[in-house]
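Please read the structure below before turning to the comments.
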Amino acid sequence: MSTVTSADGTTIAFEAIGTGQPLIMTDGATAHRAVNPSNAEVAKLLSDEFRTYVFDRRGRGESTDTTPYAIEREIEDLAALIEDAGQSAIVFGWSSGCLLALDAAAAGLPIKALALFEPPVVVDDSRPPLPTDYVERLEASVAAGRPEEAVELFMTAAALMPPEFVEMMRGTPIWTGVEQVAGTIAYDGRIMGTTMSGNPLPTDRWAAVDVPVLVMHGDNTPPYLKTGPAAVAELLPTARLLPVTGENHNVEPPVLAPVLRQFAKEL
């Protein structure tokens, strides 16, 4: 394990795999290296051409955390990783990590290009929007020492799992793993902002993004995870949309790796 120190003193743990063009893999809500091996698998498949950074977002895995939280702090975390790489990087974002990657590019970080897989924005009635008090309820549950309530809210309101299925998950290793990082679920809620409200995306948030952007979705994914990515691609002048055959929200590394390799060759 290697580490970088972010601007506020937070330690960000990472593993860099391979040599070549820097590629930074940015997870979505609750995911980190210990529970999501996919990023490392992608990195190994690309190790001949890319130096891939697989890292734990703040408050997860082996990274530390510093309060109070702000989206700007996670942008600084990415900046520290890019500084370690020593040159501009391609940044990959998965799920809510897509929006963090977009925010980082809009903030002017030395990012060469963005590859985004299924940004979970909700721009129509293809699924229920997030509750307007979603973040506040998450933070209140964690502050009261009831992280299981935050996990349940995330799974039902954000991930749309049926309540009866959520009940069956209690006490399982998956549930325990999510509960351990329950305090960070609100971070992704803040990153998503109003983009899961069922309304059109804000036109100003990523107006400064001027690098090539590849927006992907699986063709077997739920409808809103097709319309949402399409809306992101339409919003960004430098973006193109790519449906990925046979995939859903959990894209397989042997499928994703060659897509990223080809995207990089086209830059």
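Heavy-atom basis, side chains included; hydrogens, waters and symmetry copies ignored. Everything quoted here is computed from the prediction, not taken from an experiment. Residue indices begin at 1 and follow the sequence shown.
- Taking the charged nitrogens against the carboxylate oxygens, Asp27 and Arg60 have no contact shorter than 4.0 Å, which rules out a salt bridge.
- The two residues Tyr134 and Gly189 make their nearest non-hydrogen contact at CE2-CA, 4.1 Å.
- Using a 4.5 Å heavy-atom cutoff, the side chains of Glu266 and Arg240 are in contact.
- A donor-acceptor pair is defined here as one N or O able to donate and one able to accept, closer than 3.5 Å; such a pair exists between the side chain of Tyr53 and the backbone of Ala85.
- Checking Ser63 against Asp56 by side-chain atom types alone, no donor-acceptor pair falls below 3.5 Å.
- Closest approach of Pro129 to Gly198, counting heavy atoms only: CB-N, 4.3 Å.
- Taking CZ from Phe55 and CZ from Arg33, the interatomic distance works out to 10.5 Å, rounded to the nearest 0.5 Å.
- You'll find the side chain of Val121 reaches within 4.5 Å of the side chain of Val232, heavy atoms only.
- Taking all atoms of both residues into account, the shortest heavy-atom contact from Gly59 to Thr184 is O-CG2, 3.6 Å.
- Taking OG from Ser95 and CE from Met192, the interatomic distance works out to 7.0 Å, rounded to the nearest 0.5 Å.
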Verify side chain to side chain contact (heavy atoms under 4.5 Å, CB included) between Thr10 and Thr5, making sure each step is shown before the conclusion.
CA-CA 6 Å; Thr10 299; Thr5 302; over 6 Å; no

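- Between Pro120 and Tyr224 the shortest heavy-atom distance is O-CE1, 4.3 Å.
- Remark: the backbone N or O of His249 is paired with a side-chain donor or acceptor of Trp94 at under 3.5 angstrom.
- With values rounded to the nearest 0.5 angstrom, Ser38 atom OG is found 11.0 Å from Phe117 atom CZ.
- More than 12 heavy atoms of other residues, nucleotides or ligands shown are found within 6.0 angstrom of CD on Glu136.
- Atom-to-atom distance recorded for Thr26:OG1 and Arg57:CZ is 8.0 Å, nearest 0.5 angstrom.
- The pair Asp133-Arg137 counts as a salt bridge, with a side-chain nitrogen and a carboxylate oxygen less than 4.0 angstrom apart.
- Judged purely by atom type and a 3.5 angstrom limit, Thr238 uses its side chain to pair as donor or acceptor with the backbone of Val211.
- Within the structure, the side-chain hydrogen bond (donor to acceptor under 3.5 Å, both in side chains) test picks out the following pairs touching residues 208-223 (sequence neighbours left out): Glu118-Thr221.
- Smallest separation of non-hydrogen atoms from Ala257 and Leu46: O-CD2, 3.4 Å.
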If you apply the rule side chain to side chain contact (heavy atoms under 4.5 Å, CB included), what do you find for Phe14 with Val54, and how did you get there?
CA-CA 5 Å; Phe14 72 92; Val54 181; over 6 Å; no

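- Under the 4.5 Å side-chain criterion, counting only non-hydrogen atoms from C-beta, Ile111 is not in contact with Ile90.
- Residue pairs that meet the side-chain hydrogen bond (donor to acceptor under 3.5 Å, both in side chains) test with at least one member in residues 150-171, sequence neighbours left out, are Glu152-Arg170, Glu167-Arg170.
- Side-chain heavy atoms closer than 4.5 Å link hydrophobic residues (I, L, V, M, F, W, Y) into clusters, and following such links, even through other members, never connects Val35 to Met161.
- Contact annotation: the side chain of Pro119 approaches that of Val215 to within less than 4.5 Å [non-hydrogen atoms, C-beta and beyond].
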Is there a side chain to side chain contact (heavy atoms under 4.5 Å, CB included) between His32 and Gln180? Walk through the geometry before answering.
CA-CA 11 Å; His32 55 91; Gln180 288 172 346; 5.7 Å; no

Evaluate the criterion salt bridge (charged side-chain N to carboxylate O under 4.0 Å, His left out) for residue pair Glu139 and Arg190; output intermediate values, then yes/no.
CA-CA 11 Å; Glu139 293 177 337; Arg190 290 192 176 278; 3.1 Å; yes

Please test Trp206 against Leu99 for side chain to side chain contact (heavy atoms under 4.5 Å, CB included), starting from the C-alpha separation and ending with a verdict.
CA-CA 9 Å; Trp206 304 307; Leu99 275 68; 3.7 Å; yes

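- Each of Ile191 and Met25 belongs to its own hydrophobic cluster when Ile, Leu, Val, Met, Phe, Trp and Tyr are linked at side-chain heavy-atom distances under 4.5 angstrom.
- Between atom CZ of residue Arg205 and atom CG of residue Asp103 there is a gap of 4.0 Å, rounded to the nearest 0.5 Å.
- Distance alone, capped at 3.5 Å, is enough to place a donor-acceptor pair between the Gln21 side chain and the Ser88 backbone.
- One distance of note links OG of Ser47 with CD1 of Ile17; it measures 8.0 Å at 0.5 Å rounding.
- At a threshold of 4.0 Å, the pair Arg261-Asp48 counts as salt-bridged, since one of the basic side-chain nitrogens sits closer than that to a carboxylate oxygen.
- Contact check for Leu100 versus Leu78: side-chain heavy atoms found under the 4.5 Å cut-off.
- With hydrogens and angles disregarded, a donor-acceptor distance shorter than 3.5 Å links the side chain of Thr64 to the backbone of Thr11.
- Hydrophobic clustering (ILVMFWY, side-chain heavy atoms < 4.5 Å, transitive): Ile12 and Leu109 are in one cluster.
- At least one donor-acceptor pair under 3.5 Å links the side chain of Arg127 to the backbone N or O of Ala158.
- Residues Val251 and Leu45 do not share a hydrophobic cluster, defined by chaining ILVMFWY side chains whose heavy atoms lie under 4.5 Å apart.
- One finds no salt bridge joining Lys226 and Asp124 here, because no Lys/Arg side-chain nitrogen approaches an Asp/Glu carboxylate oxygen to under 4.0 Å.
- Around the CD atom of Glu72, the shell of radius 6.0 Å holds more than 12 heavy atoms that belong to other residues, nucleotides or ligands.
- Here the shortest heavy-atom pairing between Phe263 and Pro212 reads CZ-O, 4.0 Å.
- Looking only at distances, a side-chain donor or acceptor of Thr176 sits under 3.5 Å from a matching main-chain atom of Thr172.
- Between the Glu247 side chain and the Glu252 main chain, a donor and an acceptor come within less than 3.5 Å of each other.
- Other residues, nucleotides and ligands contribute at most 12 non-hydrogen atoms within 6.0 Å of the CD1 atom of Ile174.
- If you check the side chains of Asp65 and Tyr187, you find a donor sitting under 3.5 Å from an acceptor.
- Looking only at side-chain heavy atoms (C-beta outward), Trp175 and Met155 come within less than 4.5 Å of each other.
- Partner Leu214 forms a side chain to side chain contact (heavy atoms under 4.5 Å, CB included) with one of Leu116, Val259, Leu114 and no other, that one being Val259.
- Of the charged side-chain nitrogens involved, none lies within less than 4.0 Å of a carboxylate oxygen, so that Glu74 and Arg58 do not count as a salt-bridged pair.
- Every side-chain contact (heavy atoms from CB on, under 4.5 Å) that Glu41 has, sequence neighbours left out, goes to Pro37, Pro253.
- Residues Val213 and Leu23 do not share a hydrophobic cluster, defined by chaining ILVMFWY side chains whose heavy atoms lie under 4.5 Å apart.
- Not a single donor-acceptor pair under 3.5 Å links the side chain of Thr30 to the backbone N or O of Val178.
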